[in-house]
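These figures come from a predicted structure and were not determined experimentally.
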Amino acid sequence: MPLYKRKPFSLVEVPNDLDPKELVFQIRFTKEIFRDYQEYLNRINLYRQRLWTCKISGKSNLTYEEALVSEKRAIEKVQQFPQELMAPMLSIIQFSMLPLRDLADKIALKLQECLFAGLELYGRKEAGVFLCRIIKTLHDSSGKKQYKIAWLDKDKEVVGYDLVYDEDLIKRKLPFSREMVKSFIRESTYRNAPWVLHGRLAEKHGISTHLPDELKSKFYFQNGTLISYKKNRKNGEEEMDGEDESGKNKGKKRTEREKVGASQMEERSEKDGLKRLEAIKYPIEDLLVQPCPDDPIFTERASPSRDFKVPMDCVGELLMIWDFCSSFSRLLHLSPFSLEDFENAVCHRESNLTLIVECHSALLRLLIKDNGEYASTIVKRKRKSKITLITWREYLCDFLDMNNSPKFRPYMATIKRGHYGLLDTHAKLEIFGELLNCALETDLIREQLDEYIGQWQKIGSTRRGEALEEAKRRREEQERLKAESELNGFPNGNGLNSSGNNVGVLVNNTHNKQNGVAESEKTDHVSKKRGSSQTDGAFRKRTKKHKGKDEHMLEDVQHISKKEAQKIALKHTETVEREEIEMSSKEQRKQHYETEMEKRFIRTNPLGKDRHHNRYWWFRRDGRIFIESLDHKMWGYYGTKEELDALMGSLNRKGERERALQTQLDKFYGKICSGLQKRLKHSADKIALEEAVLRRSTRVRAPPRDNPADAFLRYVNKWKED
């Protein structure tokens, strides 16, 4: 297990009275279970801190999960040690008093002398050096070691066998590093000074577990664990300190951090709990956010409307097709139409509905202009280049035949018979979707997108350039004002033009001089008293160095003529007006750039997601906010400002997704409200017209096509190509 600040750390035990149906919080990589969310969050935050150390490799400054991964990889490397080397290595480790580094060096030096079966190295043969592999270790009649080897070629295929001695072999560098040796030592032992192997490992490889004579006076075994003797300095009594498997000898008086377990971490004071609560860094995962006393009052989110005419699983396809036709209407030569009109037209049973015919014709004309596969099909079948209200079904059948998809074959017979309107809504939207996919692959659409992207980048560059120029101008203006203030003897910026009150005093003084000598004297007396009080308040914090100079300048101010005072007041007024004009110009420029970027459509992205991963879409040409469920099967919409405000008031900014969603809603709030109000006004006018039609008498009743509800029947493509 990973070490916390290089010390053992206890995991939380599973509660004994846990109900199988009880909802709990579980940490993924430790499998710890918590009933209290705050305790779970505190433990997660602790595991995310870089205070953990890999017990096997010794790597520090890791998170808990990184330390677990490091331990797993280190164990895998340790298990790659050849079995022939395990016993020699373990015999060196057992009861060694060397530090870890020296012990690893000793083992590495010893292993370089060991040759074992399967080791590949080089051997001398006929005054040459060739690659070989040790097959078996033997002994000759005199007891000297001899090795049976297999000679290998470049592809490591065996080309012959031979018997050689140790001096005929050229020893190679160890196939593992000293860090791997250190990891092996840590993994194989449960304590250090002396290093003691795990009992099962020592028994498996036949390593002695008897304590050497030189250590018997300091250590002894109790229940299979090595125990050390220590003298109590206070009372001289002997006490025994047990050692845990991590090799840390701490005694009965262990530090508080070692004793921290599951029960002690739960029994924290209320003050410490509040401190940890404040340490949580929001935003976090939305589903982990819990109610807090300092949370604002969240409003109840309204239920979205779901009165769609098309089936619920077709709403997404309907929105995609309508958004594409509206966004690329100029390129398609297709005048815009509302989403309601398109929805009504798709659900209508008439076969030659103008809106449907024009949408299909615009997409088919785009494919013909692209000179692709569909254009070749039209040429082979000798179709006319112009698509009309009569021939559009033939062009559509040619497209479906070229697509050669089994799902479209049942539709072709119905379309050829002139009964396109009898197809169900799913079939109509599937055909539209396939046309749209092919249109997106055309060079015309791609060129349009590339052009828009270039224009976006140009507008962005222009905005950045203007921002830099504005910042530079402000900086220069501040430097100029600072230089003028210092030049006029006002180092703190308290010059004549920096205060509107000074201008007012000058104008009042000059105006009062016109009212005669007596009135002038009276006014002068009052103004001097007022001037002296203002002087005491304005220049009280001045330094002694500038005191005399400031009083002299104040006397000069009181004797400025009326003409000069009017110039100062006029200059101040012009400055204020210029700043107001500049601010208005900035807002207009910003609005202009945003409008220009909206004209250049690239793609429609969702505003964001709520805590349950529902997506929120806003289309500028419709105004409503559409809600898409996580499984893409349920749709709804908000169509009023009150519903929008309720949605924004229900979002919790402590969650990652809802914070991002609220930011986008705040950004487009004005435009969304404007679109909703425009839509509501249009709906009110539409209802009023419908009621007016119903109130007419039978003799003057308007024909059905004049009904506002049937506006989709009166659609005319004003941008159609001649």
Side-chain angles (χ1 to χ4, degrees), residues 1-3 6-10 53-58 71-72 74-119 137 145 174 176-232 237-252 254 258:
M1 298 296 293
L3 305 177
R6 298 188 177 275
K7 296 178 183 178
F9 185 82
S10 303
T53 303
C54 175
K55 180 182 175 183
I56 308 301
S57 64
E71 286 187 1
K72 181 180 178 182
I75 291 173
E76 291 175 353
K77 289 182 179 180
V78 167
Q79 292 176 350
Q80 295 176 2
F81 276 96
Q83 291 296 321
E84 292 81 359
L85 299 180
M86 294 288 284
M89 292 174 66
L90 295 176
S91 61
I92 297 173
I93 295 171
Q94 184 73 310
F95 301 124
S96 174
M97 296 293 291
L98 294 174
L100 179 62
R101 182 176 180 179
D102 296 341
L103 181 59
D105 292 340
K106 180 179 179 181
I107 292 174
L109 185 63
K110 182 69 176 177
L111 292 182
Q112 283 185 340
E113 302 174 359
C114 296
L115 301 178
F116 54 89
L119 179 65
T137 302
K145 274 190 178 182
L174 286 175
F176 39 81
S177 64
R178 280 175 169 75
E179 292 299 324
M180 286 185 63
V181 176
K182 291 179 182 179
S183 300
F184 177 81
I185 296 171
R186 293 191 188 97
E187 176 67 15
S188 305
T189 59
Y190 67 84
R191 65 158 296 156
N192 62 348
W195 298 93
V196 183
L197 300 174
H198 295 294
R200 293 183 179 179
L201 186 63
E203 182 180 356
K204 178 181 178 181
H205 294 277
I207 307 300
S208 174
T209 57
H210 295 291
L211 195 64
D213 295 337
E214 61 270 16
L215 298 178
K216 288 181 179 180
S217 60
K218 299 180 180 179
F219 303 93
Y220 73 98
F221 280 101
Q222 181 179 5
N223 297 328
T225 304
L226 189 67
I227 307 298
S228 64
Y229 295 103
K230 279 192 175 181
K231 293 184 179 180
N232 193 330
E237 295 180 356
E238 196 176 52
E239 67 177 12
M240 296 180 295
D241 290 342
E243 289 293 330
D244 58 7
E245 289 193 356
S246 64
K248 302 298 182 181
N249 184 7
K250 295 299 179 184
K252 289 183 179 180
R254 297 183 181 274
E258 278 185 294

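Here the side chains of Ile227 and Phe219 are not in contact, with every heavy-atom distance at 4.5 Å or above. No side-chain heavy atom of Pro2 sits less than 4.5 Å from a side-chain heavy atom of Thr53. Ile107 places a side-chain heavy atom less than 4.5 Å from the side chain of Ile185.
Here the straight-line distance linking atom SG of Cys54 with atom CZ of Arg186 works out to 8.0 Å at 0.5 Å rounding.
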N/O donor to acceptor pairs below 3.5 angstrom from side-chain atoms of residues 89-106, sequence neighbours left out:
from, atom 1, to, atom 2, distance (Å)
Ser91, OG, Ala87, O, 3.2
Ser91, OG, Pro88, O, 2.7
Gln94, OE1, Leu197, N, 3.0
Gln94, NE2, Ser208, O, 3.0
Ser96, OG, Leu98, N, 3.3
Asp105, OD1, Arg178, NE, 2.8

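Taking both residues in full, the closest heavy atoms of Thr209 and Ala202 are given as CG2-CB, 4.0 Å, listed atom of the first, atom of the second, then distance.
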